[in-house]
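In what follows, every chain begins at residue 1, and chains take the letters A, B, ... in the order their sequences are listed. Because the structure is predicted, anything quoted here is derived from the model rather than measured.
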Amino acid sequence: MAEVRLRVNGADRRLDIPPQVSLLDALREHLGLPGTKKGCDQGACGACTVLADGERINACLALTVQYADREITTIEGVDHPLQEAFVRHDGFQCGYCTSGQICSAIGMLAEHKDGMPSAVSEDPAAEGEELTDEEIRERMSGNICRCGAYNGVVEAVAEVVR
Amino acid sequence: MTSTHNTTREPVVGAPVDRVDGPAKTTGAARFAAEHDLAGLTHAALVTATVSRGRITGIDTSAAEALPGVVAVLTHHNAPKLNPPKRVSPVNMSTMVSGTQVNYLNTDEVHWDGQPVAVVVAEHSHAAREAAALVEVTYERLPATVDFAAELPNAVLDKGNMLMPTGAKKGDADAALAAAPVVVDSEYSTPQHHHNAIEPHATTAVWHGDELAVHDATQNMAWLRAHLALRFGVPEAKVRVLAPFVGGGFGGKGFAWPGVILAVLAARATGRPVRLSLTREDVYRTVGARTPSTQRVALGAGRDGKLTALVHTAVTRKSPVGGQPEPAVTPANHLYGAANIRTGQSSVTLDWIPNTAVRAPGDAIGSFALESAIDELAYELGADPIELRMRNEPERNPIDGKKFSHRMLREAYELGAHRFGWADRSPEPGTTRDGRWLVGTGVATAYHPQLRLTANVTVRLAADGSVTVRSGLHEIGVGAATVQAQIAADALGVPFDAVHVECGDSALPEGAMAGGSMQTSSVAASVLAACRKLTRRLDTLARRSGTAGRTPAEIVAAAKVPYIEAAVGSDTRIGKAAGQARFMARTARDMRRWQKAACGAHFCEVRVDADTGEVRVSRWTGAFDVGRVMNRKTAVSQLRGGIVMGIGMALTEEAHVDPRSGRIMNPSLSGYHVPVHADIPPIDIAYLDEPDPTMPLGLLGIGEVGITGVAAAVANAIHNATGKRLRDLPITPAKLL
Ligand code: FES
Ligand code: FES
């Protein structure tokens with residue numbers, strides 16, 4: 001067992017867990033925060049996306065013990081205009097990928113603001129390039145939506161960013 | 001509906017209303033099946049078989065049991081007895097819900113690679129998973145038949161039934177084919193598809209004495225409840241199934257697969273609440289998928305393009321322990337007015353988990369073959385593919401001359417062609433180039449037949465003006481509660497916000513399963529009937545108390561009652577039997593009188609990399625005849641969702657099965673590729689919004705029609721771009737080079 005102190009959604013949390021427990025299982029099973037979803041448990045779907053110091057990570061691929069001094073934000077701690085935009089643009093159907101889509105989009109917007117290029121960026125060195133729909137699609141491609149609400153997600157993100 | 005108290009207001013049916021559960025789903029508040037915390041909760045994990053057919057000769061559970069935190073390891077040696085599943089009977093539809101005929105953990109027999117052979121229960125999920133990996137199972141292997149392609153010569157003709165006819169005949173199609181001036185005759189094949197709902201199947205089960213409560217990821221609460229009652233030997237009334245939110249289904253959560261049975265079994269064995277969340281790999285191995293298919297479509301036509309012969313045959317797979325033929329030839333019975341038609345369906349039997357419904361069973365894969373073949377014929381004739389279709393558009397159902405309840409395929413093509421800019425297309429393949437990209441466009445018809453179940457509903461109008469609709473509806477992403485609230489609001493003339501829909505609980509009046517595109521229309525019919533009853537009651541009250549012309553709330557308040565209520569259908573045994581009889585009678589009558597379906601036209605533009613064979617879908621228009629649309633926002637989303645899944649089917653989706661062992665080799669989302677954001681362009685959706693006169697409010701179900709025809713539209717566009725005709729899905733770069 002390992003004792004871990006975490007900061008989650010602004011609160012200090014203490015856990016006694018075996019060191020192999022993923023951050024995703026810690027959130028869902030040990031901390032009562034099931035808003036973060038598990039779709040594959042192997043980094044392939046993005047349903048488990050949370051923010052660590054504002055950076056998007058797959059919580060299923062993160063060991064809890066490695067995040068002891070990071071500020072974790074889950075969907076339960078998110079308060080962002082994207083949430084209403086998702087509803088307005090119907091950026092989901094079943095809602096199971098939605099926590100991940102929203103956290104991922106928040107992290108993605110920050111990456112873009114920091115000048116991080118994507119595979120479709122015209123000039124990877126250029127700063128302040130516009131976040132086109134194509135850019136949004138590329139940068140959000142780690143988040144699968146099997147219901148196929150992709151158009152709505154892109155519209156919601158585009159509305160918030162423009 | 002006319003009534004004394006109707007206020008004039010904009011109808012909310014049809015409006016793009018936001019989903020009522022939007023806030024719950026965007027804040028993380030929505031609780032799915034694996035997210036219910038119960039005192040003393042334990043976690044379960046499955047051990048699955050690694051042989052396709054055989055007998056368990058030994059199970060060593062000692063290492064697993066010794067692991068700290070393990071509560072129990074259940075095998076066929078120590079698991080509680082289960083009643084075997086009932087044979088499937090059309091009289092009791094809930095018998096159809098059993099995924100397989102296997103009595104899990106009550107037998108040493110193994111029927112497929114992936115059948116659960118042990119369940120570990122532990123205090124935490126990590127311990128359960130670790131312990132499951134420590135269970136050692138030995139088998140006696142028995143000869144197994146697992147190779148679909150190798151078994152094709154042994155295919156046996158299917159009989160089919162009323163709801164799922166598997167073949168039909170008009171005239172002598174083979175003679176007409178032999179005599180036809182123009183013939184195309186090809187084989188098509190489609191692989192095994194998996195639903196891959198993003199929420200893996202999960203169950204949280206708790207027993208209180210002989211009472212069972214189950215939170216389950218299900219599209220079918222009522223039948224699951226009946227099934228669990230049967231398997232565990234308790235009265236149905238003691239079983240409660242809850243499913244307020246389900247993370248996608250697409251057919252995969254329609255039946256009771258091993259997970260839910262074993263979670264309940266584990267809870268009974270341990271006396272503790274049990275949560276069983278399948279791993280993604282478990283979902284691949286323990287839930288049925290879409291059968292692979294091979295199909296032949298042969299078309300004979302005159303030089304004028306009139307079809308003289310249409311032959312469509314298909315072979316799909318079933319299992320010795322369950323499964324239905326997937327009726328791939330259905331579209332060929334309805335789409336074209338050919339003078340002679342022969343369709344037929346056969347099956348091979350493989351030692352596999354039974355196949356199951358995946359979005360638009362039959363129609364999704366059958367339309368790939370048929371709609372590709374029509375495109376091939378158009379090319380052969382030098383005709384425009386839309387023009388060819390319209391030349392063969394029938395006035396009546398081709399196979400038997402029944403009337404269409406409604407069919408506006410012609411108008412859908414006109415609408416779509418206009419929006420897409422079809423007129424600008426170059427019909428000659430390989431002639432449009434943009435740098436290294438070959439650009440092409442294609443069309444195909446979407447088609448999905450309609451059925452309607454019975455559903456029980458109560459509607460209550462309270463003195464404060466609020467309306468509560470109660471029905472065991474399933475919210476799997478279709479916006480079920482939102483749409484029924486819209487319908488009730490209009491029917492009663494109250495504001496949308498005044499209506500609250502209670503759903504997702506088998507303790508509510510029994511709703512309809514969320515499958516076959518049937519839920520919305522089935523429940524809508526009952527909501528309307530209940531609202532009519534309520535309105536009549538309200539009118540009587542108003543007359544008695546002299547409050548005619550006042551609002552519904554005022555009338556109820558003046559009558560000094562807390563609420564008035566109306567019910568449609570009954571959940572008693574007799575009530576259910578009556579409902580079932582009504583369903584059978586209405587379905588039989590309907591099917592005699594009408595051919596009823598949603599249809600549409602897909603327009604697709606692809607760009608194919610001339611050097612690598614990579615295909616990008618760059619533009620899409622879908623124009624649909626789906627009757628009257630209830631909610632512009634959610635309907636468009638559902639149609640788009642079908643198209644997205646169809647694009648996956650066209651280009652990437654395929655389970656690879658080892659033909660020697662029968663084991664899936666890519667049971668993960670990193671090995672089985674579903675479309676991601678970057679694969680999907682903006683999808684333009686148009687619909688005609690013309691009511692079907694035989695359906696409640698004129699609506700047709702839209703959950704499945706979107707996916708039908710999509711793979712053919714993509715394949716036809718690829719042909720237009722490259723001149724290559726690909727008849728084997730998915731169309732991967734390797735096949736294009
Ligand atoms: S659950 Fe983490 S990426 Fe799928
Ligand atoms: S909303 Fe269902 S998977 Fe995205």
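Among all heavy-atom pairs drawn from G28(B) and S99(A), the shortest one is CA-OG, 4.4 Å. Residues P34(A) and R31(B) approach most closely at CG-CZ, 3.5 Å, considering heavy atoms. When every heavy atom of A44(A) is checked against every heavy atom of S670(B), the shortest pair comes out as CB-N, 3.8 Å. Here the closest heavy-atom approach between residue K37(A) and residue A30(B) is recorded as NZ-O, 3.7 Å. Taking every heavy atom of both residues into account, R137(A) and I680(B) meet most closely at CD-O, 3.2 Å. Residues P200(B) and G39(A) approach most closely at CG-O, 3.7 Å, considering heavy atoms.
Contacts with chain A were tallied for G248(B), G22(B), A127(B), S637(B); S637(B) has the most, counting heavy-atom pairs under 4.5 Å. Chain B forms the most heavy-atom pairs under 4.5 Å with one residue out of R28(A), Q93(A), H80(A), and that residue is Q93(A). Counting heavy-atom pairs closer than 4.5 Å to chain A, the top residue among V246(B), D37(B), L669(B) is L669(B). The residue among G91(A), A119(A), C94(A), C40(A) with the most heavy atom pairs within less than 4.5 Å of chain B is C94(A). Among N196(B), I647(B), T279(B), the residue making the largest number of heavy-atom pairs under 4.5 Å with chain A is N196(B). Per-residue heavy-atom pair counts under 4.5 Å with chain A were compared for A202(B), G247(B), G249(B), and the maximum is reached by G247(B). For chain A, the option among G642(B), G479(B), S668(B), A29(B) with the highest count of heavy-atom pairs below 4.5 Å is S668(B). Of the listed residues (P18(A), A149(A), C145(A), C45(A)), the one with the most heavy-atom contacts under 4.5 Å to chain B is P18(A). Ranked by non-hydrogen atom pairs under 4.5 Å with chain B, the options R88(A), E76(A), K38(A) are led by R88(A).
Of the atoms belonging to E475(B), it is side-chain heavy atoms, and not backbone ones, that fall under 4.5 Å from chain A. Heavy atoms of T634(B) lying under 4.5 Å from chain A belong to its backbone as well as its side chain. Only the backbone of H195(B) comes within contact range of chain A, judged by heavy atoms closer than 4.5 Å. Heavy atoms of I476(B) lying under 4.5 Å from chain A belong exclusively to its backbone. In this structure, chain B has no heavy atom under 4.5 Å from any part of E134(A). Heavy-atom distances place both the backbone and the side chain of I144(A) under 4.5 Å from chain B. For A47(A), the part lying near chain B is the side chain, with the backbone staying farther off; criterion is any non-hydrogen pair under 4.5 Å. Heavy atoms of V78(A) lying under 4.5 Å from chain B are absent altogether. Of the atoms belonging to E84(A), not a single heavy atom falls under 4.5 Å from chain B. Contact of Q83(A) with chain B is made through backbone and side chain together, with heavy-atom distances under 4.5 Å. Residue contact with chain A, scored on non-hydrogen atoms closer than 4.5 Å, involves the backbone and the side chain of V676(B) alike.
Atom OG1 of T27(B) and atom CG of D79(A) lie 10.5 Å apart (nearest 0.5 Å).
Residues R19(B) and F92(A) meet the side-chain proximity criterion, which asks for heavy atoms closer than 4.5 Å. Counting only heavy atoms from C-beta outward, the side chains of D25(A) and S125(B) approach each other to under 4.5 Å. Annotation: side chain of Q20(A) is in contact with side chain of E130(B) (closest heavy-atom distance under 4.5 Å). Side-chain contact check for K633(B) versus H89(A): every heavy-atom pair is 4.5 Å or farther apart. Side-chain contact between M645(B) and C147(A): absent, with no pair of heavy atoms (C-beta onward) separated by less than 4.5 Å.
For D90(A) and R640(B), the salt-bridge test fails: no basic side-chain N is under 4.0 Å from an acidic carboxylate O.
Judged by distance alone, with hydrogens and angles left aside, the side-chain atoms of E29(A) form no donor-acceptor pair with the main-chain N or O of H124(B) at under 3.5 Å. Side-chain atoms of N151(A) come within 3.5 Å of backbone N or O of P681(B) as a donor-acceptor pair. Although no hydrogens or angles enter the test, the distance criterion places no donor-acceptor pair under 3.5 Å between the side chain of Y150(A) and the main chain of V644(B).
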task = Could you go through the salt bridge (charged side-chain N to carboxylate O under 4.0 Å, His left out) check for D41(A) and R280(B) one step at a time?
result = CA-CA 8 Å; D41(A) 214 18; R280(B) 180 56 61 183; over 6 Å; no
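The aromatic rings of H30(A) and H126(B) sit parallel to each other, their planes meeting at less than 30°, with 60° as the upper class boundary.
For E3(A), the CD atom counts as densely surrounded, since its 6.0 Å shell holds more than 12 non-hydrogen atoms of other residues, nucleotides or ligands.
The only option from M140(A), R139(A), E138(A) that meets the side-chain contact (heavy atoms from CB on, under 4.5 Å) definition with H677(B) turns out to be M140(A).
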